[in-house]
Chemist: 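Before we start, here is the structure in question, set down as structure tokens.
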Amino acid sequence: MKLITAVIKPYRLDEVKAALQAFGVHGLTVTEASGYGRQRGHTEVYRGAEYTVDLVPKIRIEVLVEDEDADDLIDVLVKAARTGKIGDGKVWSVPVDTAVRVRTGERGPDAL
Amino acid sequence: MKLITAVIKPYRLDEVKAALQAFGVHGLTVTEASGYGRQRGHTEVYRGAEYTVDLVPKIRIEVLVEDEDADDLIDVLVKAARTGKIGDGKVWSVPVDTAVRVRTGERGPDAL
Amino acid sequence: MKLITAVIKPYRLDEVKAALQAFGVHGLTVTEASGYGRQRGHTEVYRGAEYTVDLVPKIRIEVLVEDEDADDLIDVLVKAARTGKIGDGKVWSVPVDTAVRVRTGERGPDAL
Amino acid sequence: MPDGFSAGDTAFVLISAALVMVMTPGLAFFYGGMVRAKSTLNMLAMSFLSLGIVSVLWVLYGYSLSFGPDSFAGLIGNLDFLGMRGIGLNELTGSIPVTAFAVFQLMFAIITPALISGAIADRAKFAAWGLFIALWVTIVYFPVAHWVFFFDNGNGGWLGDRNGVIDFAGGTAVHINAGVAGLALCLVLGKRVGFKKDPMRPHSLPLVMLGSGLLWFGWFGFNAGSALAANGVAAMAVVNTQVATGAALVGWLIYEKLKHGAFTTLGAASGAVAGLVAITPACGSVSPLGAVAIGLIAGAVCAAAVSLKYRWGFDDSLDVVGVHAVGGAIGSLLIGLFATGGVGQTAKGLFYGGGLGQLGKQAMGVAVVAAYSFVLSWLLAKAVDKLVGFRVAEEVEVAGIDQAEHAESAYDFSAVGAGLARALPGLGGVASAPVAGSAEKPVEKPAEKTEVDA
Amino acid sequence: MPDGFSAGDTAFVLISAALVMVMTPGLAFFYGGMVRAKSTLNMLAMSFLSLGIVSVLWVLYGYSLSFGPDSFAGLIGNLDFLGMRGIGLNELTGSIPVTAFAVFQLMFAIITPALISGAIADRAKFAAWGLFIALWVTIVYFPVAHWVFFFDNGNGGWLGDRNGVIDFAGGTAVHINAGVAGLALCLVLGKRVGFKKDPMRPHSLPLVMLGSGLLWFGWFGFNAGSALAANGVAAMAVVNTQVATGAALVGWLIYEKLKHGAFTTLGAASGAVAGLVAITPACGSVSPLGAVAIGLIAGAVCAAAVSLKYRWGFDDSLDVVGVHAVGGAIGSLLIGLFATGGVGQTAKGLFYGGGLGQLGKQAMGVAVVAAYSFVLSWLLAKAVDKLVGFRVAEEVEVAGIDQAEHAESAYDFSAVGAGLARALPGLGGVASAPVAGSAEKPVEKPAEKTEVDA
Amino acid sequence: MPDGFSAGDTAFVLISAALVMVMTPGLAFFYGGMVRAKSTLNMLAMSFLSLGIVSVLWVLYGYSLSFGPDSFAGLIGNLDFLGMRGIGLNELTGSIPVTAFAVFQLMFAIITPALISGAIADRAKFAAWGLFIALWVTIVYFPVAHWVFFFDNGNGGWLGDRNGVIDFAGGTAVHINAGVAGLALCLVLGKRVGFKKDPMRPHSLPLVMLGSGLLWFGWFGFNAGSALAANGVAAMAVVNTQVATGAALVGWLIYEKLKHGAFTTLGAASGAVAGLVAITPACGSVSPLGAVAIGLIAGAVCAAAVSLKYRWGFDDSLDVVGVHAVGGAIGSLLIGLFATGGVGQTAKGLFYGGGLGQLGKQAMGVAVVAAYSFVLSWLLAKAVDKLVGFRVAEEVEVAGIDQAEHAESAYDFSAVGAGLARALPGLGGVASAPVAGSAEKPVEKPAEKTEVDA
Ligand SMILES: Nc1ncnc2c1ncn2[C@@H]1O[C@H](COP(=O)(O)OP(=O)(O)O)[C@@H](O)[C@H]1O
Ligand SMILES: Nc1ncnc2c1ncn2[C@@H]1O[C@H](COP(=O)(O)OP(=O)(O)O)[C@@H](O)[C@H]1O
Ligand SMILES: Nc1ncnc2c1ncn2[C@@H]1O[C@H](COP(=O)(O)OP(=O)(O)O)[C@@H](O)[C@H]1O
């Protein structure tokens with residue numbers, strides 16, 4: 001099994017959720033995050049003071065999938081999250097040893 | 001070493017913490033999250049408007065453990081978090097290459 | 001590729017960011033978290049009531065790096081985050097199968 | 001002070017003016033709590049801007065146009081008081097200084113345009129809004145105030161003084177006027193992105209409750225102060241204001257519970273405001289029992305009215321139409337039924353043996369003000385839109401108008417300190433990257449690009 | 001207006017009525033900030049509901065029962081003023097219109113039941129609370145107000161007018177009455193889930209401070225307005241109210257610092273309220289120095305009193321007993337020591353050569369009101385519990401009563417917009433999935449199940 | 001009541017006192033919203049502490065020193081009224097009870113030190129602040145109030161009564177006095193950690209707007225109440241206060257838009273306060289047009305002045321200098337130009353044919369108060385620092401002063417309930433581990449260590 005993590009722009013969340021539904025993934029976990037990368041940051045002037053802000057808000061999505069679906073899922077995620085503008089975010093995948101559904105105790109694929 | 005991640009119902013956090021303590025795990029990291037899965041969502045009516053809410057709050061727990069403790073820990077987690085109701089959440093485990101204790105720089109098992 | 005996760009004291013974030021920049025890592029994702037470990041917790045008295053508080057705020061940082069940089073990066077992180085006081089936090093690394101830059105679809109090292 | 005002066009009446013009207021003034025911040029919180037966090041500041045600022053602009057215009061020419069001697073057929077005042085000059089320090093109107101009356105009325109001129117802002121939440125350019133306020137008070141409010149509030153024994157405003165339309169404290173001139181203008185504006189600006197799809201729930205109901213509390217409090221000055229004296233009529237106005245508002249709060253909650261299954265706090269707050277609006281024109285004409293009846297009716301009817309926008313598809317975002325236009329009309333018309341003839345006016349309503357006469361006059365007043373306000377407000381909004389563009393870009397609206405128009409976000413509950421301020425939304429910082437137009441200077445090219453990264 | 005009328009006094013009492021009205025929203029914020037975010041709205045709504053229900057009942061029969069001519073032995077008024085009819089527009093009581101007095105007193109009848117709500121935070125069914133308010137004001141408040149506040153030269157209420165119990169503005173009728181009723185209610189409803197285990201700290205201390213600020217402000221109307229005239233007594237009442245409150249704030253902070261090691265803002269807010277409560281009955285009887293003494297004593301004693309609930313195990317959630325019952329008793333009794341005989345009353349306290357006589361009367365007043373209120377409140381609470389059930393289900397309480405009873409959550413600081421509103425608590429949305437009873441329609445079976453997913 | 005008594009004037013002054021009282025909580029919110037969440041409570045508590053301490057000192061000796069018969073050359077009052085004894089209940093000053101005047105002036109004595117607190121946000125030990133307040137009002141405020149506000153036909157205060165410096169409501173005694181003291185204090189305490197580096201943006205702009213709204217509201221009592229009667233001068237003061245404030249709000253926004261490219265809500269709030277400050281000394285001397293001019297000037301100039309601290313490197317954290325010292329000076333000096341001679345005073349300004357005479361007097365008043373306040377405030381701050389240490393440890397400041405000094409955090413929006421309260425900042429709990437000094441008992445050694453874990 002794989003854990004796919006995606007860091008995206010907040011307002012793309014709806015599209016991503018829709019795309020995942022369509023793809024047949026029916027569960028995901030979302031956390032709020034913020035990050036920076038290429039865009040590095042910008043300075044602001046506020047009430048006569050000047051300073052740098054370098055973190056921008058992001059949404060972090062985690063999805064557990066079976067190995068064979070991982071690559072397609074990544075493509076789906078990337079397509080749904082893309083705006084073509086800098087700061088679109090990253091998607092990565094890590095191997096999962098085992099997953100359990102808390103309610104039933106089912107393990108592996110059945111847990112999804 | 002393994003990283004066990006659990007996504008549970010917020011109000012189970014106290015029980016889970018207690019169970020981990022009992023099991024002898026003395027550290028963990030918690031983040032707020034939200035997610036959906038089977039339950040898919042529900043519609044609400046508010047002031048004459050109707051709309052769908054599909055994410056419910058969850059608590060996300062991360063625990064680093066040594067390989068041999070991983071399975072037992074998962075069982076402990078699952079038992080403590082379970083309510084038997086839909087939305088109880090997931091627990092998964094991923095392999096960890098190395099872990100370090102920031103304060104001392106200790107690596108591997110000693111870092112826990 | 002590796003995913004380095006660091007759980008640190010909130011007010012060390014600036015130093016860590018600076019250190020990563022210096023090291024040449026130009027992207028990272030931050031989430032708010034809280035945790036406990038050695039320090040276990042303490043009791044408080046408030047308006048005549050006494051109770052225990054056992055979670056303290058932390059900042060959770062994720063950085064994707066190429067395998068060869070992983071170890072050095074961990075050292076950099078640890079050095080920058082360290083205060084020598086209990087609760088400094090943990091840094092760990094997990095293997096990553098693949099990473100994608102959403103904006104361009106680039107995979108692997110180019111995605112960083 | 002000259003004969004006929006009353007320190008008691010003056011104290012009452014001056015304090016009432018302060019009470020009416022605090023209604024505008026109260027309104028700002030009432031509205032500001034109802035929008036999403038990302039556009040809270042814009043909502044607050046729209047009301048505060050009215051406090052600024054209208055105060056200045058009032059001195060320059062507003063008072064004169066509204067309450068200067070009538071220049072023609074009760075339609076508009078003349079320019080005798082430009083710059084508020086020529087008003088003696090101790091000159092009286094009734095038993096109070098003219099200046100006391102002038103500042104009391106100024107507060108009405110301030111809150112009326114502020115009321116409109118709720119209809120176009122989240123999407124109006126701030127500068128365009130300022131321009132609209134200036135034009136609207138000049139072309140719509142000042143004349144209508146003259147029609148309704150200027151009395152000069154028969155030579156005053158054509159609705160109130162000449163045709164006996166009863167509006168004790170502004171059901172027509174303030175609430176119908178603002179409510180209908182809100183309808184015109186939301187039609188001109190169009191719907192918010194996500195209207196009917198996203199929940200768009202209030203981001204802070206305690207802020208909404210604070211607003212309704214301050215409105216309720218200030219409204220005693222608004223209604224009772226309109227007696228321009230601390231007398232029996234003022235006392236009755238206080239009684240009626242309180243009991244009608246309480247009854248409307250109950251009426252709204254009951255309707256809601258039956259219709260949607262829960263008593264919401266937003267309903268309690270809205271019900272109170274609906275009651276305050278409805279009793280405004282009537283508080284000087286009805287008995288306490290009549291006030292309770294008006295309140296219950298207004299609470300329930302307005303609770304029903306606020307869902308029309310979804311049925312008919314106009315995005316009156318914060319229910320200015322459903323509460324102020326509808327509530328104002330209810331109160332103005334019910335005078336025709338409940339007026340006892342024994343409070344502030346002698347005219348009797350249908351239930352007190354007065355026949356349908358007064359009801360007719362009230363209907364006329366409602367219709368005239370509604371028609372005038374709708375047409376002129378629509379034209380002014382169109383004009384402003386042509387001139388400077390009234391609506392922000394969609395991306396700005398999605399990211400949150402506060403960043404683009406005010407270069408701020410309403411909250412930052414960061415534990416780490418402002419270093420992470422806007423960047424960690426999880427910390428409550430109602431984050432969204434800066435947007436072109438905000439007070440920002442990119443460090444370097446790529447930074448530029450990030451300006452829409454949110 | 002008739003002879004004896006004073007516009008100045010009328011202005012003073014009408015504005016005072018507005019000031020007392022704003023105390024109830026102030027109380028709502030004071031209490032609302034003290035509870036956890038998940039039950040904030042319910043706390044706010046409990047106070048606002050009193051504004052609604054009591055206003056209506058007051059018109060119907062409340063005023064008549066409280067201030068109608070005495071029907072028997074100073075125990076209760078008669079029904080002459082049902083519907084507030086038969087009160088002439090310009091009829092006077094003292095130097096002000098009867099209607100002004102009636103609406104001023106209405107505000108007291110509104111805040112008294114609202115004060116009780118703090119004792120049963122987080123766990124009372126909203127409809128049951130509404131029913132309780134209606135019953136309680138009818139059976140407890142209206143009679144007690146008659147006992148204490150109705151003066152008719154010797155034929156008025158039995159405590160105040162007939163037996164010389166001094167209660168200038170409501171130490172017994174309002175504060176002891178509400179505080180003891182709170183004790184009865186929290187005993188009937190039982191403890192909150194997690195009482196003594198979870199911290200249950202205030203979710204928003206700025207909201208608490210706002211509440212205390214508005215209470216302090218409005219209290220000038222409450223105390224000074226009770227002089228029913230803008231005279232020397234009213235002025236002294238303002239002085240005493242201010243200095244006793246300041247002293248109590250200091251007294252509480254000092255106690256706290258010595259006992260727990262920190263000056264808390266909750267302590268500052270609570271100390272101020274304790275001082276306001278204690279000076280309420282005494283502000284018309286003591287000198288400024290006496291007021292300072294009363295304030296310091298009340299601040300320190302109440303600071304100690306609020307921890308009794310942990311010792312004795314009753315969950316008076318927001319310290320209605322510790323602050324209002326205890327504070328009200330302190331103020332009422334200290335009149336027996338500090339009354340100078342030279343302010344509003346001629347009765348002298350012990351320290352001014354008046355002997356123990358007045359102290360005895362005060363003790364009697366305190367005891368009578370406390371006993372009556374406790375017994376009746378307990379019975380009414382039991383009755384309501386039998387009839388409709390007073391307490392929500394445990395799962396509702398744990399998930400947060402706001403969702404179940406009001407179908408809302410207090411805050412949503414979402415950066416993404418309301419689409420994530422209730423769902424991302426990290427975003428401030430005080431989330432907790434909807435619970436049966438809320439205004440929800442499941443899409444499909446599984447959805448049903450999620451109704452307890454939180 | 002004796003001859004010459006006016007119930008109307010008394011009602012006006014008593015209500016005005018209540019309005020001025022609410023300005024201090026208003027100020028607390030205005031300041032409290034501007035700081036970061038982790039030091040909000042300390043900011044609020046600093047103002048509330050003034051409500052406590054000054055009220056007590058005023059009774060003990062403050063009133064006597066400020067308004068007791070002059071003891072020498074108009075420099076200070078005598079001790080005739082220690083404990084506020086010897087003031088007859090119905091004794092009058094002008095047309096109102098002396099006690100009414102005394103409590104009205106008390107409210108001024110309370111807010112003045114509170115204004116200073118904004119200059120030392122986030123870093124002052126609470127006990128040290130309390131000590132400073134007590135010393136400062138005694139040595140600085142009480143004398144200066146005597147100089148400016150004590151009139152005794154020529155035998156009163158040396159600035160106002162003896163030398164004709166015009167200060168209707170406290171431009172010098174309150175605003176310049178507090179503003180300059182703030183400068184002295186921030187120099188003595190030094191800069192905040194991260195000054196000029198971290199953004200340190202307001203954590204809650206709605207709270208700031210609430211504060212400015214309450215300040216604006218209360219200021220009508222502050223300015224008009226200073227007429228000590230409900231007359232034409234009071235009415236003109238209300239007019240001038242409103243229009244100058246509106247104009248200043250507009251002036252600040254325009255400056256800001258031109259200079260930084262956005263209309264900020266903080267600018268709107270600050271502009272309003274700047275206008276209120278500037279019109280304070282002048283509201284009894286100028287015409288409405290003059291008030292508009294003063295407002296526009298004050299708004300724009302103060303908007304420019306607040307950035308001086310970055311240029312010159314003093315950390316006047318919340319712009320007490322830029323708004324109160326500068327605004328107070330602008331208003332005081334412009335009297336010399338705009339005084340019409342036809343409102344509260346007969347002295348004419350330059351533009352009304354009065355020559356430069358009055359301008360000279362005004363400049364003298366400004367200079368004297370500024371010099372006295374700066375020197376004494378600096379010395380007192382140094383003394384307090386020596387005695388008890390004025391500033392908290394750096395680690396405390398970084399972690400957030402609320403935890404260390406008050407053992408609380410301002411907010412907890414936890415969905416889970418207070419069990420996670422302070423621990424999940426993401427939940428809004430403005431977390432930061434407890435710090436030595438807070439009301440905490442470590443469970444065991446390691447716990448000790450965690451006390452700085454944040
Ligand atoms: N090396 C990295 N490790 C973890 N997260 C990263 C990394 N680089 C970028 N990110 C995340 O991806 C987001 C977008 O990356 P950025 O480089 O700014 O844009 P783009 O990917 O379009 O070039 C960042 O805000 C950050 O949250
Ligand atoms: N495929 C998945 N990947 C990541 N998280 C998931 C996934 N499926 C479910 N979750 C998380 O588990 C929670 C509970 O899952 P759900 O299917 O609703 O209940 P159950 O596990 O009891 O069937 C979801 O709210 C979500 O946070
Ligand atoms: N086993 C673990 N798994 C995950 N996170 C941990 C674990 N142990 C500690 N942590 C995180 O590291 C933080 C610091 O750990 P702690 O043991 O308190 O201090 P130290 O690492 O200095 O001994 C904790 O607050 C928690 O967030």
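Letters A, B, ... mirror the listed sequences (proteins, then strands); counts begin at 1. Every value quoted in this text rests on a predicted model; they were computed, and no experiment measured them.
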Chemist: Are the charged groups of E:Asp402 and E:Lys38 less than 4.0 angstrom apart, N to O?
Modeler: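 So E:Asp402 does not pair with E:Lys38 through a salt bridge.
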
Chemist: Taking every non-hydrogen pair under 4.5 Å, which of D:Val250, D:Leu249, D:Val239 racks up the most with chain E?
Modeler: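 Option with the top pair count is D:Val239.
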
Chemist: When only pairs under 4.5 Å are counted, which of E:Ala18, E:Ala100, E:Pro25 shares the most heavy-atom pairs with chain D?
Modeler: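 Of the options given, most contacts go to E:Ala18.
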
Chemist: Heavy-atom pairs under 4.5 Å with chain E: which of D:Asn231, D:Ile15, D:Asp9 has the most?
Modeler: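 Option with the greatest count: D:Asn231.
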
Chemist: Mind checking what makes side chain to side chain contact (heavy atoms under 4.5 Å, CB included) contact with D:Leu296, not counting sequence neighbours?
Modeler: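 Testing D:Leu296 for side chain to side chain contact (heavy atoms under 4.5 Å, CB included), a comparison that skips the adjacent residues, returns D:Ala247, D:Val292.
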
Chemist: Who among E:Asn90, E:Leu41, E:Val22 has the most heavy-atom pairs with chain D under 4.5 Å?
Modeler: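 Option with the greatest count: E:Leu41.
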
Chemist: Less than 4.5 Å apart, side chain to side chain, heavy atoms only: is that true for E:Met21 and D:Trp219?
Modeler: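 Answer no - side chains too far apart.
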
Chemist: Using heavy-atom distances under 4.5 Å, tell me whether D:Phe263 contacts chain E through its side chain, its backbone, both, or neither.
Modeler: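 Its backbone and side chain both get close to chain E.
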
Chemist: Students often mix this up, so state it plainly: with edges at 30° and 60°, are the rings of D:Trp216 and E:Phe48 parallel, tilted or perpendicular?
Modeler: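 The rings of D:Trp216 and E:Phe48 sit tilted, inter-plane angle from 30° to 60°.
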
Chemist: Does the side chain of D:Tyr411 come under 3.5 Å of the side chain of D:His203 through a donor N or O and an acceptor N or O?
Modeler: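 D:His203 and D:Tyr411 do have a side-chain donor-acceptor pair below 3.5 Å.
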
Chemist: Can you classify the ring geometry of E:Tyr63 versus E:Phe101 as parallel (below 30°), tilted (30 to 60°) or perpendicular (above 60°)?
Modeler: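 Correct class here is perpendicular.
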
Chemist: What part of E:Ile87 is in contact with chain D, defined as an atom under 4.5 angstrom from a non-hydrogen atom: side chain, backbone, both or neither?
Modeler: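 Neither; nothing under 4.5 Å.
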
Chemist: Between D:Leu266 and chain E, which part of the residue has a heavy atom less than 4.5 Å away: side chain, backbone, both or neither?
Modeler: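 Both the backbone and the side chain of D:Leu266 come within 4.5 Å of chain E.
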
Chemist: Please classify the contact between D:Ala234 and chain E as side chain, backbone, both or neither, with a heavy-atom cut-off of under 4.5 Å.
Modeler: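 Both parts, heavy atoms under 4.5 Å.
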
Chemist: Can you say whether E:Ile110 sits under 4.5 Å from chain D via the side chain, the backbone, both, or neither, judging by heavy atoms?
Modeler: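 Contact with chain D involves the side chain of E:Ile110 alone.
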
Chemist: If you take the centroid of each ring, where Trp contributes its six-membered ring, are E:Tyr31 and E:Phe29 closer together than 6.0 Å?
Modeler: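 No - the distance between ring centres of E:Phe29 and E:Tyr31 does not fall below the 6.0 Å cut-off.
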
Chemist: Please identify, among D:Pro288, D:Gly221, D:Ala224, D:Gly213, the residue contributing the most non-hydrogen atom pairs under 4.5 Å to chain E.
Modeler: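 Counting heavy-atom pairs under 4.5 Å, the top option is D:Pro288.
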
Chemist: Does a donor on one side chain and an acceptor on the other come within less than 3.5 Å for E:Ser409 and D:Arg201?
Modeler: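 No, because no side-chain N or O of E:Ser409 sits under 3.5 Å from a partner of the opposite role on D:Arg201.
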
Chemist: For E:Leu106, which atoms come within 4.5 Å of any heavy atom of chain D: side chain, backbone, both, or neither?
Modeler: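 The side chain, not the backbone.
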
Chemist: Side chain, backbone, both or neither: which part of D:Ser287 has an atom under 4.5 Å from a heavy atom of chain E?
Modeler: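 D:Ser287 has no heavy atom closer than 4.5 Å to chain E.
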
Chemist: Given heavy-atom pairs under 4.5 angstrom as the criterion, report whether the side chain, backbone, both or neither of D:Val13 touches chain E.
Modeler: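 When you check distances to chain E, no heavy atom of D:Val13 falls under 4.5 Å.
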
Chemist: Taking the ring of E:Tyr61 and the ring of E:Phe81, is the distance between their centroids below 6.0 Å?
Modeler: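 No.
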
